[in-house]
Amino acid sequence: MKTDQSTVTLEINGMHCASCVAAVENALATTPGVQKAAVNLASEKATIAFAPQRVNVEMLKTAIANAGYSATEIKHDTNRAAQAEATETRKHAEYDALKHRFVVAALLAVVIMLLSMTMLFPSVEHFFHEMLGMQALNYVLLALTLPVLLYSGREYYVSAYNSFLHRAATMDTLIAVGTGAAFAYSVVVTVAPALFEQHGIRAEVYYDTTATIIALILLGKVLEARAKGQTSAAIKKLVGLQAKTARILVGGQENEIAIDQVVVGNVVVVRPGEKIATDGEILEGVSSVDESMLTGESFPIEKTQGMAVFGGTVNKTGRFTFRATKVGSDTVLAQIVRLVEEAQGSKAPIQRLADKISGVFVPVVVVIAILTFVVWFNLMPADTRLPFALVNFVAVLIIACPCALGLATPTAIMVGTGKGAEHGILIRNAESLEKAHQISAILLDKTGTITKGEPTVTDFVPMDKTIPREQIIQIAVSLEKNSEHPLAAAIVHYGTREGTQLFPAQSFEAIEGKGAYGIVDGKRVAIGNAKLLATENIVPTSEATQAAERLIAEAKTTVFVAIDGRVVAVIAVADVVRETSREAVAALQALGIEVVMLTGDNQKTAEHIAAQVGITRVFADALPQGKINAVKQLQAEGKTVAMVGDGINDAPALAQADVGIAIGAGTDVAMEAASITLMRSDLRDVVKAVELSRQTMANIKQNLFFAFIYNVLGIPLAAGLLYPFTGWLLSPMIAAAAMAMSSVSVLTNALRLRSVKL
C-alpha cells in the first residue's frame with residue numbers, strides 16, 4: 001500500500017566533514033518512515049522525504065540529536081525574508097565566535113611556539129634554565145595550552161566524544177585523537193619526567209604541536225565559513241527580493257501592512273521605485289517592471305491593465321494598483337527560492353563516490369595511524385622511538401581529515417544552481433545539473449518553443465491598386481475586432497501596430513471554419529478562406545490565387561479580404577520563429593549536440609520551419625504519445641536526450657527524456673514534469689543551461705582532485721614511508737596547515753563558478 005509522502009528541510013548544526021554527513025544520513029535512513037534523506041555539508045541542510053503516518057518532524061529532529069547534532073526546521077510557508085534574516089544573524093554570531101576562538105588560539109600558539117624554541121638559542125635557553133628550570137617551563141607551557149584546548153578547541157573534543165558514544169568516527173575524531181595524544185603525552189612528561197628518563201627516553205613536550213594544530217584548523221574553518229557564505233549568495237539575493245510591507249487599498253484609504261498579512265483578493269498600491277509585494281493582476285495603471293532577478297531579462301517589461309505582476313520585482317516608472325492572486329509560499333518568488341534550495345540540498349550521482357569513500361575513510365586512517373605508531377616505535381632507537389612514533393601518529397591523523405571531501409561536490413552544486421537562478425535557469429536537483437552535461441541530442445518542440453506560439457501576420461499583399469493599402473487594413477481590422485478567432489486577433493494586432501483608426505462594424509457574422517463578414521463604412525466586407533469566398537459567390541483573381549498558393553507553400557495560413565464582392569488583399573498568418581531560435585540552434589550544434597524538431601504539424605510545414613533555424617531532422621505529426629516515442633527512439637540510438645517544451649501535451653515527453661527542459665512561458669504541468677525550467681521563452685537559455693552544467697561538472701572534478709591530492713600525497717609522507725630514503729617527515733603542524741588549505745582550495749575553486757560568463 002502506497003503511503004503519502006511529505007518533504008521537510010532541516011538546518012543541521014555541528015557538521016564538519018563528509019563523515020558527519022554520513023552519520024546524519026545514517027541516523028535518518030534508519031528512522032522508520034523515512035523514505036529518502038539527502039544531507040548537504042556546504043548548505044548545512046538535510047532534505048528528507050518521509051511518510052507522515054509513521055514519523056513526524058520532531059521525531060526526525062530527535063534522530064539527528066541522537067547522532068550528536070541539532071536541527072531546525074526551515075518553513076517555506078512563513079516569511080522567508082524574516083526567517084533568512086534570523087538565520088543570517090545566527091550565522092554571523094557563530095562566525096564571530098569562531099574568529100574569537102581562532103584569535104585566542106593563534107596568540108597563545110605563537111607564545112607557546114616561541115617558548116618551546118628556546119633550545120635553539122643557547123643564551124635564552126641558559127636564562128630559562130637558571131630562572132625557571134625546564135620542568136617549570138613545561139608547566140608554563142601547559143598553563144598556556146589549556147585555554148587553547150578547553151576554549152578554542154573544545155568543540156572538537158565534545159564532538160569526538162559524542163561520535164564515540166554513537167559508535168561513529170568523524171573528522172573531529174581525528175583532530176581530537178591526534179592533538180589529544182600529543183597533549184596527554186606532554187602532560188605526563190611535565191608531571192613525571194623521570195618516568196621517561198629512567199628508560200632512556202628524552203623527556204620532550206609537544207604543547208606547541210597541540211596549540212598550533214588547533215589554531216591552524218580554526219584558521220581553515222574561519223576561511224571556510226567565509227567562503228561558504230558566498231556560495232549561498234544567490235539564495236540570499238532571491239530571499240532579499242521579498243518586500244517586507246505592502247500598501248493595500250481599503251475603502252479608498254491606503255494602509256501599510258506586513259507582507260505576511262496580505263491575503264488573496266487584497267488590492268495593492270505600488271508606487272514608482274517600490275518592490276511589488278506579491279503576485280497579482282493589474283487593475284489600473286501603466287508601468288514598466290524590472291523582472292531581471294526572476295527571469296534574467298535585463299530590460300524592464302511594459303505592464304498594462306490585466307497583465308500579471310510578480311512579488312519581488314521592482315516597479316520602475318508609473319503608479320498602479322493590482323489584485324493579489326497568490327501570497328506567501330504560493331508566489332513565483334517563493335517557489336523559485338524553494339526550488340533553488342532543494343536543488344542546492346540535493347546530491348549529484350558523482351557525489352556517491354565521495355560518500356562511499358568517506359564512509360570508511362576515518363576508520364582506515366585510524367588504523368594507518370596506529371600501524372605508523374607501532375612500526376616506528378619498534379624500529380627507532382630507545383631514546384627517540386616514543387616521540388618519533390607519536391609525532392608521525394599525530395601527523396597521519398591530522399593530514400587525513402576529510403573536510404574537503406565533503407565540500408567538493410555540494411559547494412560547486414550550490415554555486416552552479418545559484419548562478420543558474422540569477423540567469424532565470426531553475427534547476428530542480430543536482431542530478432539534473434549533472435545529467436545536462438552529458439546531453440548529446442535535444443528535441444525542440446516547435447510551437448511556443450522554436451516559434452512564438454501565437455499567429456502573427458507575416459504578409460499583407462494588396463490586390464486592388466484603386467484602394468489605398470492603409471484603407472484596406474483599416475476596413476479589415478474594423479471587421480475582425482469583433483471576432484474571437486486567433487487569426488482575427490493576429491490581424492487586429494497587426495492593424496493596431498500600424499496605428500489604424502477603426503470604423504464600427506454592422507451586421508457582423510462569424511462563420512465557423514470559413515471566416516466572417518459584415519458592413520464596414522457602408523461596404524460589405526468578407527474576410528476568410530476560399531470556402532467563404534465560394535459561399536459569397538466571390539471569385540478571386542488569378543493573381544490573388546497565385547499569391548495565396550505561394551504563401552501556402554511557405555507553410556503560412558492565407559486569408560482573403562473582399563470588399564463589395566472583389567478580393568482586394570491576401571493576408572498571410574503564421575506562427576513565426578522566435579528571433580533567437582536560429583542562433584540558439586547553431587550554438588547547440590557547435591557544442592556537438594544533435595538538434596531535432598518535434599511537432600504535431602504536417603511534414604511539409606515542419607520541414608519549412610526547421611529549415612529556417614538550421615535543423616535537418618524532424619519528427620512531424622507527433623501527438624503526445626508520438627513525442628514520447630521520438631524521445632525513446634533517440635534514447636535507443638544511445639543518445640542522452642533533452643526535451644524542450646512548453647505545453648501540456650509536452651509533459652509526458654519531458655518526463656521520459658533524460659533531461660526535461662520547460663520554457664518559462666509554458667504551462668505549470670510542463671514545468672512540473674521538467675527537471676530544468678527556463679523563466680524566459682528564449683532558446684539561448686538552453687545553451688546556457690548546458691554550458692553551466694559542463695562548467696559545474698568540470699569544477700566538481702577539480703574539487704575532488706584538490707580533496708584527494710592532499711591525502712594521497714600527505715598520508716604516506718606523514719607515516720614516514722619516505723624517511724628511510726630521503727629523511728623526509730611531515731610535521732603535524734604542516735599537516736594541519738595542508739588539511740586546512742585543502743578545504744579552502746575546494747571552496748575557492750567552487751566560487752570561481754560565480755564569475756563564469758553564460
Side-chain angles (χ1 to χ4, degrees), residues 1-78 83 86-87 90-91 94 154-174 176 228 338 341-348 351-352 354-363 402-403 405-407 409-410 413-414 429-431:
M1 177 180 169
K2 186 177 179 182
T3 57
D4 292 336
Q5 178 178 295
S6 294
T7 302
V8 66
T9 302
L10 300 179
E11 192 168 35
I12 312 296
N13 297 316
M15 295 193 301
H16 300 113
C17 67
S19 299
C20 298
V21 170
V24 176
E25 283 188 343
N26 184 60
L28 290 168
T30 54
T31 301
V34 172
Q35 297 161 347
K36 185 179 179 182
V39 180
N40 187 306
L41 178 62
S43 63
E44 298 178 340
K45 290 173 185 171
T47 303
I48 308 155
F50 62 97
Q53 298 90 340
R54 302 183 63 194
V55 65
N56 57 38
V57 174
E58 291 305 315
M59 293 166 69
L60 296 174
K61 290 181 183 178
T62 301
I64 293 169
N66 290 338
Y69 306 88
S70 62
T72 307
E73 183 181 359
I74 296 176
K75 296 181 179 179
H76 293 283
D77 57 350
T78 58
Q83 196 174 37
T87 300
R90 180 176 59 78
K91 291 281 186 186
E94 291 175 357
R154 179 178 180 274
E155 172 188 334
Y156 300 114
Y157 299 101
V158 171
S159 177
Y161 176 70
N162 288 334
S163 298
F164 174 75
L165 292 179
H166 295 94
R167 300 177 184 176
T170 66
M171 179 201 86
D172 295 338
T173 304
L174 301 182
K228 267 187 184 178
R338 182 163 60 249
E341 283 184 329
E342 287 174 358
Q344 293 187 342
S346 63
K347 284 195 174 185
Q351 193 173 342
R352 292 172 193 151
D355 289 344
K356 287 179 181 177
I357 292 172
S358 65
V360 297
F361 192 76
V362 173
C403 306
L405 192 60
L407 292 168
T409 301
I413 294 294
M414 284 184 70
N429 51 45
E431 186 171 359

Inset, instruction - Could you list the residues that satisfy side chain to side chain contact (heavy atoms under 4.5 Å, CB included) with Thr30, not counting sequence neighbours? - result: Asn26
Inset, instruction - List in chain and number order the residues that pass side chain to side chain contact (heavy atoms under 4.5 Å, CB included) with Ala63, two or more places apart in sequence or in another chain; answer none if no residue qualifies. - result: Thr31
Inset, instruction - For Thr62, enumerate each residue passing the side chain to side chain contact (heavy atoms under 4.5 Å, CB included) test, keeping only those at least two apart in sequence or located in another chain. - result: Asn66
Legend entry - Phe164, CZ: over 12 other non-hydrogen atoms inside 6.0 angstrom: no
Legend entry - Side chain proximity check, Lys36 to Ile48, heavy atoms < 4.5 angstrom: no
Inset, instruction - Keeping the roles fixed (side chain from Gln5, backbone from Phe50), state whether a donor-acceptor pair exists under 3.5 Å. - result: no
Legend entry - Rounded distance [0.5 Å steps], CD in Glu11 versus OG in Ser70: 9.0 Å
Legend entry - Of Thr72, Thr47, Asn40, the residue whose pairing with Thr9 passes side-chain contact (heavy atoms from CB on, under 4.5 Å): Thr47
Inset, instruction - Please report the closest heavy-atom contact between Gly14 and Tyr69, naming both atoms and the distance. - result: O-CE2, 3.3 Å
Legend entry - Euclidean distance, Glu73 CD relative to Leu60 CG, rounded to 0.5 Å: 9.5 Å
Legend entry - Heavy-atom side-chain contact between Lys45 and Val39 under 4.5 Å: no
Inset, instruction - Mind checking the CD-CG spacing from Gln35 to Leu28? Nearest 0.5 Å is all I need. - result: 13.0 Å
Inset, instruction - Applying side chain to side chain contact (heavy atoms under 4.5 Å, CB included), name anything that partners Ala71, two or more places apart in sequence or on another chain. - result: Leu10, Ile12, Lys61, Ile64
